[in-house]
Amino acid sequence: MAEANWYVVHTYSGYENKVKANIDKTIENRHLEDQILEVRVPLEEVTEMKNGVRKQVSKKMFPGYVLIHMIMNDDTWYVVRNTRGVTGFVGPGSKPVPLTDAEMRPLGIKTENVVVDFAEGDTIVVIGGVWKDTCGMITAMNNNKQTVTINVELFGRETPVEVSFADVKKMN
């Protein structure tokens with residue numbers, strides 16, 4: 001199997017989140033989860049001063065660009081290239097060029113895999129992120145994306161939630 005790399009896609013300015021949502025939907029519809037692993041719009045925290053008030057704001061690091069972690073082949077190229085709002089891959093001509101590890105490091109996107117001691121059916125506790133201190137049973141694992149899916153009770157219903165391997169630990 002070919003190796004997954006990070007690629008940069010140029011979009012219409014202001015369409016980054018819409019492009020991400022469209023690609024995520026296409027991945028789901030065409031069952032390309034094992035080929036297009038992650039779509040990101042890199043954000044950075046910036047302190048702004050407005051009317052004498054300091055405020056933490058998330059801003060896009062690269063307006064007009066979206067990062068995609070994927071295995072490059074004809075299908076994935078076609079899906080991404082023909083997504084509404086995408087103007088093309090970054091690279092000479094029509095050949096996309098993957099980002100190097102050195103280019104990825106400053107973005108804070110980790111490429112190393114986390115080895116875990118849990119599996120589907122195990123009960124885990126979330127130790128970081130939005131769902132911190134939540135317990136749940138693993139219903140699915142995605143080793144490519146380094147995430148687990150657990151069911152959380154939300155508004156009286158069981159709701160599947162995706163959590164990073166780094167944010168969970170197995171309960172004893």
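Every value quoted in this text rests on a predicted model; they were computed, and no experiment measured them. Below, each value reflects all heavy atoms present in this structure, side chains not excepted, and no hydrogens, waters or symmetry copies.
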Item to check | Flag, side chain of R81 to backbone of T87, donor-acceptor distance under 3.5 Å | outcome: yes
Checklist entry - Which value, rounded to the nearest 0.5 Å, describes the distance between T139 atom OG1 and N151 atom CG? => result 5.0 Å
Next on the checklist: If you apply the rule side-chain contact (heavy atoms from CB on, under 4.5 Å), what do you find for T26 with I36, and how did you get there?
Outcome noted: CA-CA 10 Å; T26 305; I36 301 176; over 6 Å; no
Checklist entry - Among the clusters formed by ILVMFWY side chains lying less than 4.5 Å apart, do Y78 and M70 turn up in the same one? => result yes
Next on the checklist: Ignoring hydrogens and geometry beyond distance, is a side-chain donor-acceptor pair present between T76 and N73 at under 3.5 Å?
Outcome noted: yes
Checklist entry - Which heavy atom in E33 sits nearest to a heavy atom in E28, and how many Å separate them? => result OE2-CA, 3.8 Å
Checklist entry - Is the number of heavy atoms from other residues, nucleotides or ligands within 6.0 Å of CG (N82) greater than 12? => result yes
Checklist entry - Do F165 and V148 pass the side-chain contact (heavy atoms from CB on, under 4.5 Å) test, and can you show the C-alpha distance, the side-chain angles, and the key distance before you say yes or no? => result CA-CA 7 Å; F165 281 178; V148 295; 3.4 Å; yes
Checklist entry - Got R40 and W6 here, is their nearest side-chain heavy-atom distance under 4.5 Å? => result yes
Next on the checklist: Would you say V66 ends up clustered with L43 if hydrophobic residues are merged whenever their side chains have heavy atoms under 4.5 Å apart, either directly or through other cluster members?
Outcome noted: no
Checklist entry - For I150 and I124, which heavy atoms make the closest approach, and how far apart are they? => result CG2-CD1, 3.7 Å
Next on the checklist: Restricting to non-hydrogen atoms, name the atom on P96 and the atom on M72 that form the minimum distance, rounded to 0.1 Å.
Outcome noted: CG-CE, 3.5 Å
Next on the checklist: Restricting to non-hydrogen atoms, name the atom on Y7 and the atom on N5 that form the minimum distance, rounded to 0.1 Å.
Outcome noted: CD1-O, 3.4 Å
Item to check | Distance in Å, T47 OG1 paired with K55 NZ, rounded so as to fall on 0.5 Å steps | outcome: 12.0 Å
Checklist outcome for this item: Between I127 and V168, the two heavy atoms sitting closest are CG1-N, 3.9 Å
Next on the checklist: Taking the ring centre of each residue, are F89 and H10 less than 6.0 Å apart?
Outcome noted: no
Item to check | Heavy-atom pair with the smallest gap, counting every atom of L67 and P42 | outcome: CD1-CG, 3.5 Å
Checklist entry - So, S58 and E44: side-chain donor and acceptor under 3.5 Å apart, yes or no? => result no
Next on the checklist: I need the I138 CD1 to T149 OG1 distance, nearest 0.5 Å.
Outcome noted: 9.5 Å
Checklist entry - Heavy-atom count around K60 NZ within 6.0 Å, excluding the residue itself: above 12? => result yes
Item to check | OG1 on T11 to NZ on K20, rounded to 0.5 Å | outcome: 13.0 Å
Next on the checklist: Return the NZ to OG1 distance between K25 and T83, rounded to the nearest 0.5 Å.
Outcome noted: 14.0 Å
Item to check | Q35 and D75 side chains, donor-acceptor separation under 3.5 Å | outcome: no
Checklist entry - With the 4.5 Å side-chain cut-off for hydrophobic clustering, are L99 and V90 part of the same group? => result yes
Next on the checklist: Assigning hydrophobic clusters by single linkage (Ile, Leu, Val, Met, Phe, Trp, Tyr; side-chain heavy-atom cutoff under 4.5 Å), is V9 placed with Y12?
Outcome noted: yes
Next on the checklist: Within a 6.0 Å radius of atom OH on Y15, are there more than 12 heavy atoms belonging to other residues, nucleotides or ligands?
Outcome noted: no
Item to check | Distance in Å, E158 CD paired with E153 CD, rounded so as to fall on 0.5 Å steps | outcome: 6.0 Å
